[in-house]
Amino acid sequence: MAELCVHSVLVTGANRGLGLGFVQHFLRMPKPPQWIFATCRDPKGQRAQELQNLAAKHPNLVIIALEVAKPASIKVAAAKVGEHLGDSGLNLLINNAGMVNSKMIDAETFEDMTDTYTTNTTGPLLMGQAFLPLLKKAAHRSPGSGLSCSKAAIVNISSIGGSIASMFGWEMMQVTSYRCSKAALNMLSKCQSLAYKEHGILCVALHPGWVQTDLGGATGHTPPVTVDDSVQGMLKVLSSLSEKETGAFLDWEGQVIPW
Ligand code: NDP
């Protein structure tokens, strides 16, 4: 299996949970990326303390302010990342930031539906648009006609909760606004895969498992998967992807999830 070998990666929501896990795993790789852009809403705040500690030790880690529900913030972040990268482009965009409202269907509000959709679906769309020039540059510089995550890729961290065929965990958690936003994110991933294939960019929707994070534990149950195991599994899956899998919906162990 080919090794995941990226010159540059950007992770949204990198200050805690799975996002922070991704950053830690990239830093620990035998050949770490030359640039790891860890984005979060408040880089100087208390919630980004762990990232700040890591950045103090690792010069290849750059913390960038990014609120995915604000189009202007996305544009400013893309410009900053572009300044760092120069001509080399961005290999891997991981749209990880996400939110959930743990509510029963009758308690969901207009704001729950719109806020969750904006963060979980519109954010990844706008991220893909804003970072497209940098992803194209990376794809262009990489030899060969195939697709891979080492060349150029958009990875949308989705959820089996968005699978209509599975309806995973409905008895435990209804989270309708979340499920709708992730079902839409799955469609977005497919659309991105079709639109960006000609530019040499692989796109995939990935379910991380039910993981021990704030979001994973939001319903009061303890999730079975650790952040470490989930991220390690997802990175293994990413390293194995080719043009055959672009547009797919996979889990952290590489299994295809039904839409
Ligand atoms: P956490 O709650 O631990 O972390 C969520 C991250 O997203 C935080 O960094 C948070 O930042 C950030 N975030 C939320 N809203 C925004 C926003 N508008 N702009 C920028 N950043 C934002 O969750 P997880 O690590 O568990 O979740 C990561 C991804 O994995 C999500 O997309 C989630 O849906 C998905 N997932 C998780 C599962 C699980 O079991 N944990 C299962 C299936 C999918 P801040 O600290 O500022 O709030």
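First listed ligand is number 1; within each ligand, the first listed atom is number 1.
Of all atoms in ligand 1, listed by their number and element, those nearer than 4.0 Å to a heavy atom of N15 are 8 (C), 9 (O), 11 (O), 45 (P), 46 (O). Near D214, meaning under 4.0 Å from any of its heavy atoms, are these atoms of ligand 1: 2 (O), 3 (O). Here is the list of ligand 1 atoms found below 4.0 Å of a heavy atom in W210: 40 (O). For ligand 1, the atoms lying closer than 4.0 Å to a non-hydrogen atom of I157 are 29 (C), 30 (O), 32 (O), 35 (C). In summary, the atoms of ligand 1 found under 4.0 Å from a heavy atom of H207, numbered by their order in the structure, are 43 (C).
Of the charged side-chain nitrogens involved, none lies within less than 4.0 Å of a carboxylate oxygen, so that E108 and K103 do not count as a salt-bridged pair.
Closest to atom 2 (O) of ligand 1 among all protein heavy atoms lies R16 NH1, 3.1 Å. The protein atom (non-hydrogen) at minimum distance from atom 5 (C) of ligand 1 is G98 O, 3.7 Å.
In this structure, a donor-acceptor pair under 3.5 Å is present between the side chains of N156 and S189.
In this structure, the ring of H84 has its center less than 6.0 angstrom from the ring center of F37.
At a 4.0 Å cut-off, at least one heavy atom of S158 sits close enough to ligand 1 to count as contact. Ligand 1 is never approached by P223 to a heavy-atom distance shorter than 4.0 Å.
Only the backbone of L66 comes within 4.0 Å of ligand 1, counting heavy atoms alone; no side-chain atom from C-beta on gets that close. When heavy-atom distances to ligand 1 are checked against a 4.0 Å cut-off, T119 comes that close only through its side chain, counted from C-beta outward.
Here the shortest heavy-atom distance to atom 12 (C) of ligand 1, taken over G13, G209, A38, belongs to G13.
Between M99 and ligand 1, not a single N/O pair is under 3.5 Å apart.
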